[in-house]
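All ligand and atom numbering here is 1-based and tracks the order in the structure. Any value given below was found using the heavy atoms of this structure, including those in side chains, with hydrogens, waters and symmetry copies removed.
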Amino acid sequence: MRAQVAIIGAGPAGMFLAHLLREAGIDAVVLELRSREYVVARVRAGVLEQSTVDLMRRLGIGERVGREGMVHAGTTLAVDGDSFHVDFAELANGAAITVYGQSEVMKDLNQAADERHIHVIYEASDVRPHGLDTDTPWVTWNSPHGARRLECDFVAGCDGFHGVSRGCIPHGALTVFERAYPFGWLGVLAEVPPCNHELVYANHERGFALASMRSPTRSRCYLQCSLQDRIEDWSDDAFWDEFALRIGGSFASRITRGPTFEKSIAPLRSFVCAPMRWGRLFLAGDAAHIVPPTGAKGLNLAVADVVVLANALGRLYATGSCEGVDGYSDRALARVWKAERFSWWLTNLTHRFPHMDGFDRQMQLAELAYLRSSRAARSAFAENYVGLPLEV
Ligand code: FAD
Ligand code: DHB
């Protein structure tokens with residue numbers, strides 16, 4: 001087989017890239033380790049930046065998110081039972097975020113891929129890129145019908161944090177920046193109305209909590225937990241008791257309790273590898289960087305990367321200019337680092353760290369009080385939360 005671009009991974013980065021390349025008239029094949037059902041069923045991100053929704057519209061896959069996505073023009077920060085609102089409409093030039101689950105985004109990408117005959121190969125095991133430092137790379141894999149080979153001009157490594165692509169870059173050519181946090185997030189879904197019409201991020205002495213949602217009748221809730229905790233340790237009663245305590249105030253009294261499902265514990269990590277290109281390999285999304293989920297940036301960053309990459313490849317194929325592909329890593333990383341900073345800052349502001357002393361706690365409380373009282377500080381929060389501009 002032959003394609004101009006081989007895309008490894010059919011998550012958000014890989015599928016958005018496939019659509020963007022199709023729009024630019026570039027031929028791509030997507031190779032995915034898992035089944036289509038597995039990729040769609042993963043419960044992960046829930047918050048789309050304005051530019052992600054705008055891109056879905058531009059690609060002709062924005063109809064359902066426009067109908068079913070919940071547009072939020074603000075969010076609430078809570079601290080020890082007290083709370084204040086950050087109004088994006090007022091502070092971020094009318095931009096908003098849209099609550100729409102990653103599963104729904106994947107369904108929309110996949111359905112449009114079927115209609116556009118975008119070639120996605122699922123259950124491709126042992127995917128391996130070769131010849132990345134030559135002008136004629138190729139990718140091999142095993143399908144249920146035997147060994148396969150795809151020749152291409154470029155390989156896009158969109159295969160997430162645990163994928164195969166990043167490991168193809170020689171050690172000496174890559175610098176890794178990393179911070180592992182000493183706690184995780186326990187996330188649950190419950191078929192109950194959310195306790196607030198917008199998201200609530202709570203800093204409580206016992207740890208962080210986040211009230212989110214997937215629909216007016218489905219809540220998505222998170223608690224900071226120990227990395228030693230197991231899902232079985234958290235009964236529904238224990239979860240809701242702790243959630244009510246940390247969310248506090250009037251939100252606690254509006255919690256509807258119900259059976260929880262899709263319970264999972266995710267560790268929190270900041271990770272960036274640089275550069276995001278080696279030879280004919282480009283990394284995009286979680287393959288190149290991870291943010292702690294606090295700022296809801298992971299999926300949105302993956303989208304921002306592939307917009308830069310698709311523009312660069314489009315220019316190369318249309319004009320022969322290498323300027324875009326040569327600048328891809330620097331351009332993508334410039335935005336990545338800003339999102340890393342915001343996610344790190346919001347994680348530090350809202351979580352309980354094991355060795356925090358009284359001074360550290362007072363610094364958190366003072367920073368939250370400053371946010372509450374200063375329009376400038378709230379503007380900075382809002383500008384980052386709704387999303388920094390994409391390259392256009
Ligand atoms: P992925 O979504 O990881 O997609 C990579 C794809 O590549 C996958 O389909 C994978 O199966 C495939 N793949 C992997 N290895 C191979 C291989 N060797 N060969 C072929 N294919 C391969 N972000 C938020 O904003 N909010 C959240 O609440 C949130 N929660 C998260 C919870 C978890 C457990 C995780 C892991 C992430 C979460 N994120 C969250 C982050 C967000 O989901 C990711 O940033 C986003 O999915 C990144 O998209 P991606 O396409 O780069 O990577
Ligand atoms: C969700 C996840 C986040 O990490 C976040 O900051 C906001 C919402 C969610 O899954 O709904």
Side-chain angles (χ1 to χ4, degrees), residues 6-18 30-49 52 70 72 75 97-103 105-106 109-110 120-129 139-142 155-168 184-189 194 198-201 208 210-215 218-222 262 264-269 271 283-306 336 339 342-343 346-347 350 385 387:
I7 301 175
I8 305 180
M15 291 307 294
F16 269 105
L17 180 61
V30 187
L31 300 166
E32 165 62 48
L33 172 67
R34 306 285 193 165
S35 69
R36 175 165 169 161
E37 296 69 34
Y38 181 94
V39 174
V40 167
R42 283 188 293 216
V43 177
R44 288 182 167 182
V47 170
L48 304 184
E49 293 178 354
T52 300
M70 291 178 286
H72 288 185
T75 195
I97 53 116
T98 299
V99 177
Y100 191 67
Q102 183 165 331
S103 298
V105 176
M106 292 313 306
L109 286 164
N110 291 345
V120 188
I121 298 173
Y122 288 95
E123 299 182 60
S125 61
D126 200 20
V127 174
R128 283 171 203 264
V139 182
T140 56
W141 71 97
N142 288 325
V155 177
C158 300
D159 47 353
F161 186 63
H162 300 288
V164 67
S165 302
R166 193 175 61 251
C168 297
W185 274 21
L186 168 66
V188 304
L189 283 173
E198 290 171 350
L199 273 56
V200 182
Y201 288 84
F208 171 81
L210 167 60
S212 182
M213 64 196 73
R214 287 294 177 271
S215 77
R218 180 173 281 198
S219 296
R220 173 74 166 152
C221 304
Y222 297 96
E262 292 291 350
S264 65
I265 293 180
L268 269 67
R269 182 193 299 274
F271 174 96
L283 300 179
D286 279 16
H289 42 73
I290 297 283
V291 284
T294 325
K297 293 286 166 230
L299 187 161
N300 296 293
L301 265 188
V303 172
D305 286 352
V306 296
V336 165
F342 179 67
S343 306
L346 195 56
T347 303
T350 53
Y385 191 82

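- The distance from ligand 1 to the heavy atoms of K297 drops below 4.0 Å at these ligand atoms: 25 (O).
- Residue-ligand proximity, I8 to ligand 1, at heavy-atom distances under 4.0 Å covers atoms 19 (N), 20 (C).
- In this structure, the protein non-hydrogen atom closest to atom 6 (C) of ligand 1 is E32 OE1, 3.6 Å.
- Close approach to G163 involves these atoms of ligand 1, each under 4.0 Å from a residue heavy atom: 15 (N).
- Every atom of ligand 1 with a heavy atom of G285 under 4.0 Å away is listed here by number and element: 52 (O).
- Y122 and S35 make their closest contact through CD2-C, 3.7 Å (heavy atoms, listed as atom of the first residue, atom of the second, distance).
- V47 has its side chain out of reach of Y100: every pair of non-hydrogen atoms, C-beta onward, lies at least 4.5 Å apart.
- Side chains of R220 and Y222: a donor on one and an acceptor on the other come within 3.5 Å.
- Atoms of ligand 1 lying under 4.0 Å from at least one heavy atom of V164, given by number and element, are 18 (N).
- When only interatomic distances are considered, the shortest N/O to N/O separation between R34 and ligand 1 does not fall below 3.5 Å.
- For the pair Y222 and ligand 1, a heavy-atom separation below 4.0 Å is found.
- Under a 4.0 Å criterion applied to the non-hydrogen atoms of L31, ligand 1 contributes the atoms 20 (C), 21 (N).
- Across all their heavy atoms, I290 and R269 have their closest contact at CG2-O, 3.3 Å.
- Each of R44, G46, V47, W185, L199, Y201, L210, S212, R214, R220, Y222, P293, T294, A296 has a non-hydrogen atom positioned under 4.0 Å from some atom of ligand 2.
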For this session: For the pair I97 and V99, evaluate side-chain contact (heavy atoms from CB on, under 4.5 Å) and give the outcome as yes or no after the intermediate values.
Result: CA-CA 7 Å; I97 53 116; V99 177; 4.1 Å; yes

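- Ranking protein heavy atoms by distance to atom 24 (C) of ligand 1, first place goes to A45 CB, 3.2 Å.
- Scanning the protein heavy atoms around atom 45 (O) of ligand 1, the nearest turns out to be D286 OD1, 2.7 Å.
- Within ligand 1, the atoms closer than 4.0 Å to a non-hydrogen atom of C158 are 5 (C), 6 (C), 7 (O), numbered from 1 in the order shown.
- Under a 4.0 Å criterion applied to the non-hydrogen atoms of G160, ligand 1 contributes the atoms 3 (O), 5 (C), 53 (O).
- Ranking protein heavy atoms by distance to atom 51 (O) of ligand 1, first place goes to A13 N, 2.9 Å.
- Between M106 and V39, some side-chain heavy-atom pair lies under the 4.5 Å cut-off.
- Counting heavy atoms from C-beta outward, T347 and L268 have side chains that approach closer than 4.5 Å.
- Protein heavy atom nearest atom 34 (C) of ligand 1, with residue, atom name and distance: A266 CB, 4.1 Å.
- The minimum heavy-atom distance between V306 and A13, with the atom names listed, is CG1-O, 3.4 Å.
- Checking only distances, L33 does come within under 3.5 Å of ligand 1, N or O to N or O.
- Heavy-atom minimum distance, P194 versus M213: CG-CB, 3.8 Å.
- At a 3.5 angstrom cut-off on N or O pairs, P12 counts as close to ligand 1.
- The shortest N or O to N or O distance between R42 and ligand 1 is below 3.5 Å.
- At a cut-off of 3.5 Å, with distance as the only test, a side-chain donor of H289 or D305 sits close to an acceptor on the other residue.
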For this session: Take R128 and V139 through the side-chain contact (heavy atoms from CB on, under 4.5 Å) test and state the conclusion after the steps.
Result: CA-CA 5 Å; R128 283 171 203 264; V139 182; 5.9 Å; no

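- Of the possible donor and acceptor atoms, none in the side chain of D126 sits under 3.5 Å from a partner among the backbone N and O of N142.
- For the pair M15 and ligand 1, no heavy-atom separation below 4.0 Å is found.
- For A156, the side-chain contact (heavy atoms from CB on, under 4.5 Å) test picks out V5, I7, L17, C158, L309, with sequence neighbours left out.
- S125 and L33 make their closest contact through CA-CD1, 4.1 Å (heavy atoms, listed as atom of the first residue, atom of the second, distance).
- Taking atom 35 (C) of ligand 1 as the reference point, the nearest protein heavy-atom neighbour is R44 NE, 3.5 Å.
- Nearest protein neighbour of atom 14 (C) of ligand 1, counting heavy atoms only, is D159 O, 3.1 Å.
- Ligand 1 lies nowhere less than 4.0 angstrom from a heavy atom belonging to A124.
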For this session: Would you sort out whether E32 and I121 count as a side-chain contact (heavy atoms from CB on, under 4.5 Å), showing the intermediate values?
Result: CA-CA 6 Å; E32 165 62 48; I121 298 173; over 6 Å; no

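- Ligand 1 has no N or O atom lying under 3.5 Å from any N or O atom of A10, backbone or side chain.
- Residues satisfying the side-chain contact (heavy atoms from CB on, under 4.5 Å) criterion with R44, sequence neighbours excluded, are R42, Q102.
- Of the protein's heavy atoms, G11 CA, 3.6 Å lies nearest to atom 4 (O) of ligand 1.
- Residue Q102 has at least one nitrogen or oxygen atom sitting less than 3.5 Å from a nitrogen or oxygen atom of ligand 1, judged on distance alone.
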For this session: For side-chain contact (heavy atoms from CB on, under 4.5 Å), just list the numbers for K297 and E49, CA-CA rounded to whole Å, side-chain angles, deciding distance to a tenth of an Å, and then say yes or no.
Result: CA-CA 8 Å; K297 293 286 166 230; E49 293 178 354; 2.8 Å; yes

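- In this structure, the ring-ring contact (aromatic ring centres under 6.0 Å, His included) partners of F271, at least two apart in sequence or on a different chain, are F161.
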